[in-house]
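Notes for the one structure printed next.
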Amino acid sequence: MKYTQLGRTGLKVGRLVLGTMNFGPQTDEGDSHAIMDAALDAGINFFDTANVYGWGENKGRTESIIGNWFAKGGARRDKVVLATKVYANMAPDGQPAWPNHDKLSALNIRRAVDASLKRLQTDHIDLYQFHHIDRDTPFDEIWQAIDTLVQQGKILYVGSSNFPGYKIAQANETAARRGGTIGLVSEQCLYNLYERRAEMEVIPAAQEYGLGVIPWSPLHGGLLGGVIKKEVQGGRRTSGRAADTLADPAARARIQAYEDLVDKHGLEPGEVALAWLLTRPGVTGPIVGPRTAEQLDSALRAVELELSEELVAGLNDVFPGPGPSPEAFAW
């Protein structure tokens with residue numbers, strides 16, 4: 001595994017982030033533990049989760065699975081940079097949140113941290129991430145709550161997720177004005193070959209303020225993982241974002257062009273998509289969410305994959321980015 005610093009911090013993390021969203025809903029606890037063991041053996045030290053993972057009636061289940069894995073010992077917790085998130089309504093799907101049981105009020109942050117620590121069976125969270133912007137809570141209140149938790153030793157660093165560029169700026173300018181607060185150190189955003197809008201504002205803001213960029217959905221819901229080839233071979237049925245996109249003939253043609261380009265170079269689509277993200281400025285490492293050990297092995301190969309200039313140029317032809325900011329939208 002290759003390592004890098006998380007943004008402007010001294011924290012050293014692997015170039016792949018183990019995403020755990022499938023642990024519970026799609027991967028049972030035993031297989032989840034096996035995947036985490038394999039990831040640690042491969043040198044992956046950065047694990048990402050969220051308090052809401054488990055979904056439906058089982059929100060929090062994923063954190064509990066990770067906590068049970070930590071409880072097995074073997075220095076598992078000491079070797080992991082643990083990231084989780086706060087914001088979501090933790091009531092079962094379809095039920096409204098009780099007042100102050102979601103979003104980023106100081107009260108909910110305090111409550112959510114303690115609940116996550118209990119499920120995770122640990123005394124601290126290394127990276128505590130805001131899962132979404134809260135339009136109702138001022139950053140002065142948010143940072144006051146965070147400062148208290150840092151002083152208590154319950155969290156070490158703070159990151160954002162799904163923030164627009166202006167909110168990254170607002171958050172860190174408020175932190176700087178307060179003094180003594182390091183501010184956001186990472187941004188977890190939707191970013192991949194197919195979806196490059198983050199290059200317009202989010203990634204420039206993250207770079208300006210020294211945030212590490214952690215792309216989620218690096219294969220765009222499986223769309224960049226050889227989905228057409230798998231269809232032809234009678235593999236796993238396409239669903240979700242990938243199926244919706246392939247229903248558009250123009251989008252399907254782009255994905256076919258991508259798979260043909262990658263095949264021409266004798267490579268696997270999913271591995272190329274991950275390797276491309278690792279070449280992008282500001283990217284710490286993409287989140288990979290394997291359902292099986294085989295998927296983890298494929299992701300690990302991407303870290304060592306060197307993309308030729310010809311291939312990178314071809315990828316940009318198939319999936320052109322928006323261009324530099326502000327030129328991309330100003331004229």
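Using modelled atom types, no side-chain atom of R301 and backbone atom of L296 make a donor-acceptor pair closer than 3.5 Å. Side-chain N or O atoms of R196 include none that pairs as donor or acceptor with a backbone N or O of P320 at under 3.5 Å. No side-chain donor-acceptor contact under 3.5 Å links N58 to the backbone of R61. Without hydrogens or angle criteria, K85 side chain to G159 main chain gives no donor-acceptor distance under 3.5 Å. Between the side chain of S298 and the main chain of E294, no donor-acceptor pair closer than 3.5 Å is present. Of the possible donor and acceptor atoms, none in the side chain of R119 sits under 3.5 Å from a partner among the backbone N and O of G67. Under a 3.5 Å cut-off, the side chain of Y3 and the backbone N or O of G43 do form a donor-acceptor pair. Remark: side-chain polar atoms of E259 are paired, donor with acceptor, to backbone N or O of I228 under 3.5 angstrom. Remark: the backbone N or O of L315 is not paired with any side-chain donor or acceptor of W276 at under 3.5 angstrom. Between the side chain of T9 and the main chain of L6, a donor-acceptor pair closer than 3.5 Å is present.
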**Asked** Passes side chain to side chain contact (heavy atoms under 4.5 Å, CB included), K264 versus E310? Steps please.
**Response** CA-CA 11 Å; K264 174 185 173 183; E310 178 187 359; 3.8 Å; yes
**Prompt:** V272 and Y258: side chain to side chain contact (heavy atoms under 4.5 Å, CB included), yes or no, with the steps?
**Reply:** CA-CA 10 Å; V272 168; Y258 167 66; 4.0 Å; yes
**Request:** Give the C-alpha distance, both sets of side-chain angles, the deciding distance and a yes or no for side-chain hydrogen bond (donor to acceptor under 3.5 Å, both in side chains) between E173 and Y209.
**Result:** CA-CA 9 Å; E173 290 297 333; Y209 285 96; 2.7 Å; yes
**Request:** Let me see the working for R252 and E231 under salt bridge (Lys or Arg N to Asp or Glu O under 4.0 Å), right down to the final yes or no.
**Result:** CA-CA 12 Å; R252 186 179 184 91; E231 276 187 356; 2.9 Å; yes
**Message:** One pair to check against side chain to side chain contact (heavy atoms under 4.5 Å, CB included): V185 and R8. What are the steps and the verdict?
**Reply:** CA-CA 7 Å; V185 303; R8 65 187 185 281; 4.2 Å; yes
**Request:** Let me see the working for Q188 and H131 under side chain to side chain contact (heavy atoms under 4.5 Å, CB included), right down to the final yes or no.
**Result:** CA-CA 9 Å; Q188 188 177 135; H131 212 160; 5.9 Å; no
**Item:** From CA spacing to verdict: side-chain hydrogen bond (donor to acceptor under 3.5 Å, both in side chains), D260, Q256
**Value:** CA-CA 6 Å; D260 290 345; Q256 185 66 68; 3.0 Å; yes
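The nearest pair of heavy atoms linking S105 to N100 is OG-OD1, 4.4 Å. Listed here is the closest heavy atom pair of G221 and A242: O-CB, 3.5 Å. Between L219 and G270, the shortest heavy-atom contact is CD2-O, 3.6 Å. Contact record, A302 with A275: O-CB, 3.7 Å, taken as the closest heavy-atom pair. A pairwise comparison of heavy atoms in I35 and P290 identifies CD1-O, 3.8 Å as the closest pair. Taking every heavy atom of both residues into account, P269 and V262 meet most closely at N-CG1, 3.6 Å.
Taking the side chain as every heavy atom from C-beta outward, Q207 and P281 approach each other to under 4.5 Å. Between Q121 and N68 the shortest side-chain heavy-atom distance falls below 4.5 Å. Two residues are said to be in side-chain contact when any heavy atoms from C-beta on lie closer than 4.5 Å; P286 and V17 fail this criterion. Counting only heavy atoms from C-beta outward, the side chains of V318 and N316 never approach each other to under 4.5 Å. Counting only heavy atoms from C-beta outward, the side chains of F23 and M36 approach each other to under 4.5 Å. Side-chain contact between L300 and I44 is present, with heavy atoms from C-beta onward closer than 4.5 Å. Looking at E187 and V202, their side chains come closer than 4.5 Å, going by heavy atoms from C-beta outward.
Salt-bridge annotation for K103 and D136: present, with a side-chain N of the basic residue lying under 4.0 Å from a carboxylate O of the acidic one. Ion pairing of R291 with D31 is absent here, as no side-chain N (NZ or NE/NH1/NH2) approaches a carboxylate O to less than 4.0 Å.
With respect to Y157, the side chain to side chain contact (heavy atoms under 4.5 Å, CB included) criterion is satisfied by exactly one of L11, I125, V81, V150: L11. The side chain to side chain contact (heavy atoms under 4.5 Å, CB included) test with P215 is passed by exactly one of T284, L277, I287, L190: L277. When V86, T49, D48, T84 are each tested for a side chain to side chain contact (heavy atoms under 4.5 Å, CB included) with Q129, only one passes: D48. Across V158, L104, T181, a single residue satisfies side chain to side chain contact (heavy atoms under 4.5 Å, CB included) together with I146, and that is V158.
Seen from the ring of Y194, R254 counts as a face-on cation partner, given the 6.0 Å and 45° thresholds. For the pair R77 and F70, the distance from NZ or CZ to the six-membered ring centre is under 6.0 Å and the angle to the ring normal is within 45 degrees.
A centroid separation of less than 6.0 Å is found between the aromatic rings of W69 and F47.
Each of I182 and V113 belongs to its own hydrophobic cluster when Ile, Leu, Val, Met, Phe, Trp and Tyr are linked at side-chain heavy-atom distances under 4.5 angstrom. Both I155 and Y87 sit in one connected hydrophobic cluster of ILVMFWY residues. Membership requires side-chain heavy atoms under 4.5 Å apart, directly or through other members.
Atom CD of Q152 sits in a crowded spot, with more than 12 heavy atoms from other residues, nucleotides or ligands closer than 6.0 Å. Atom CZ of R197 sits in a sparse spot, with 12 or fewer heavy atoms from other residues, nucleotides or ligands closer than 6.0 Å. Residue Q95 places its CD atom among more than 12 non-hydrogen atoms of other residues, nucleotides or ligands, all under 6.0 Å distant. Annotation for R76: atom CZ counts as buried by contact number, over 12 foreign heavy atoms lying within 6.0 Å. Residue K79 qualifies as open at atom NZ: its count of foreign heavy atoms under 6.0 Å is 12 or below. In E309, the CD atom is not crowded: 12 or fewer heavy atoms of neighbouring residues, nucleotides or ligands sit closer than 6.0 Å.
A donor atom on one side chain and an acceptor atom on the other are found under 3.5 Å apart for Y191 and R280. Judged by distance alone, the side chains of D147 and Q151 never bring a donor and an acceptor atom under 3.5 Å apart. W216 and N162 share a side-chain donor-acceptor pair at under 3.5 Å. N172 and R177 form no side-chain donor-acceptor contact under 3.5 Å, judged by distance and modelled atom types alone. Inspection of the K167 and Q170 side chains reveals an N or O donor paired with an N or O acceptor under 3.5 Å.
The distance from the CZ atom of R111 to the CG atom of N51 is 12.5 Å, given to the nearest 0.5 Å. S186 contributes atom OG, which lies 6.0 Å from atom CG of L211 (distance to the nearest 0.5 angstrom). Atom CG of N45 and atom CG of D126 lie 9.5 Å apart (nearest 0.5 Å).
Aromatic ring orientation, F130 versus F163: parallel (interplanar angle below 30°, classes split at 30° and 60°).
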